Amino acid sequence: MTAGTARQTPASEAPGRSARAARPLRAGLRLARLHAASRRIPAALAAIAASAVGLRIALIGHWDTYGALQLPLVFETGAAAAITVTTASPMGEPERVTGRWLPYLRLAAALALTAAATAGTGAHLAGGTLDVLRNVAGITGIGLLCAAVLGGGLAWVGSAGYLLAGAYALYTQWHHPALTTPWLWPARPPHDLGGAACAALVFTLGVSAITLRGARDPAGEAA
């Protein structure tokens, strides 16, 4: 009987081991859900979707070449601004020392929202997905850097300022002298390596800053 009991023990403990193994997964999902709610990520996704729909509707109209290039930039900037404002924390700077998984959650949120914005606004545009990816990622990077310096509530300032610079750079393509610097990547061709490199650098710096440091928000400011 003792031997039979010993043989049955592992099977009887299997449900307990499975339950213990599932706890970290449930805890991780709950943490991700709470992080998304505290950063208003569902609202950001709704804003990104609204930008994509608004762009589709706007493109139904008849636009000249300049307007057809400038209009997507406006909606791309709107999507990027929606991403950057999710960096605002209701707990502020004290949150940095309380969450071991916080940097990973920030990184995942920034990458996921950028991918969603690119997919939402990138279809059926003249420049293609690569052009949208470059613009959205670069402008998002600017906003993330502003969030790290100015706070999540003011992260949109950098994106809005760059919109003006990018729109002017597009304007100069038809009214010379043209601005050709790769740092004004919206005015560069979709497959321009210089513009892509500058946008990728800014995005990398922005994501790194917001991942490691977070937004500069005093406690309770974003509540």
Side-chain angles (χ1 to χ4, degrees), residues 28-63 67-90 104-148 151-164 166-167 170 185-186 190 196 199-200 202-204 206-207 210-211 214-215 217 222-223:
L29 292 175
R30 181 174 182 273
L31 182 61
R33 186 171 64 252
L34 291 174
H35 180 79
S38 68
R39 295 308 195 277
R40 303 179 180 89
I41 289 179
L45 287 172
I48 290 171
S51 296
V53 172
L55 178 59
R56 297 296 185 279
I57 295 174
L59 289 176
I60 295 176
H62 298 286
W63 300 87
L69 291 175
Q70 188 183 43
L71 186 66
L73 180 62
V74 174
F75 286 92
E76 290 162 358
T77 302
I83 297 171
T84 59
V85 297
T86 63
T87 60
S89 168
Y104 301 100
L105 292 170
R106 292 173 183 150
L107 175 62
L111 295 180
L113 289 173
T114 302
T118 301
T121 59
H124 309 300
L125 293 181
T129 302
L130 288 179
D131 189 35
V132 175
L133 175 61
R134 179 193 64 189
N135 293 345
V136 171
I139 298 172
T140 298
I142 293 174
L144 295 178
L145 288 172
C146 285
L154 294 175
W156 60 271
V157 173
S159 301
Y162 190 81
L163 170 62
L164 298 178
L170 286 171
W185 53 79
V202 173
F203 180 69
T204 301
V207 169
I210 212 64
T211 297
D217 291 323

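Every value quoted in this text rests on a predicted model; they were computed, and no experiment measured them. Side-chain atoms are counted along with the backbone in the values below, which use heavy atoms only and exclude waters and symmetry mates.
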Please give me the minimum heavy-atom distance between Ala215 and Gly152, naming the atom from each residue.
CB-N, 3.6 Å

Drop me the distance from Thr77's OG1 to Asn135's CG, to the nearest 0.5 angstrom.
8.0 Å

Can you list everything that forms a side chain to side chain contact (heavy atoms under 4.5 Å, CB included) with Leu145? Sequence neighbours excluded, please.
Val202, Leu205, Ala209

Nearest non-hydrogen partners of Leu55 and Pro72, listed with the distance:
CD1-CA, 3.9 Å

Got a second to check how far Phe203's CZ is from Thr140's OG1, nearest 0.5 Å?
6.5 Å

Ala44 and Ala82: which non-hydrogen atoms are nearest, and at how many Å?
CB-O, 3.6 Å

Minimum-distance pair of heavy atoms, taken over all atoms of Ala155 and Ala147:
CB-CB, 3.7 Å

Tightest non-hydrogen contact, residues Pro186 and Tyr162, listed as CD-OH, 3.2 Å

Under the ring pair (Phe, Tyr, Trp, His ring centres under 6.0 Å) test, which residues partner Phe75, sequence neighbours left out?
none

Ile48 pairs by side-chain contact (heavy atoms from CB on, under 4.5 Å) with which of Ile83, Val136, Thr118?
Ile83

Which heavy atom of Pro42 sits nearest to which heavy atom of Ala36, and what is that distance?
CD-O, 3.5 Å

Answer whether the closest heavy-atom distance between the side chains of Ile139 and Leu73 falls below 4.5 Å.
yes

Separation of Thr84 OG1 from Leu113 CG (nearest 0.5 Å):
10.0 Å

Note, Arg106 side chain near Thr87 side chain (heavy atom, < 4.5 Å):
no

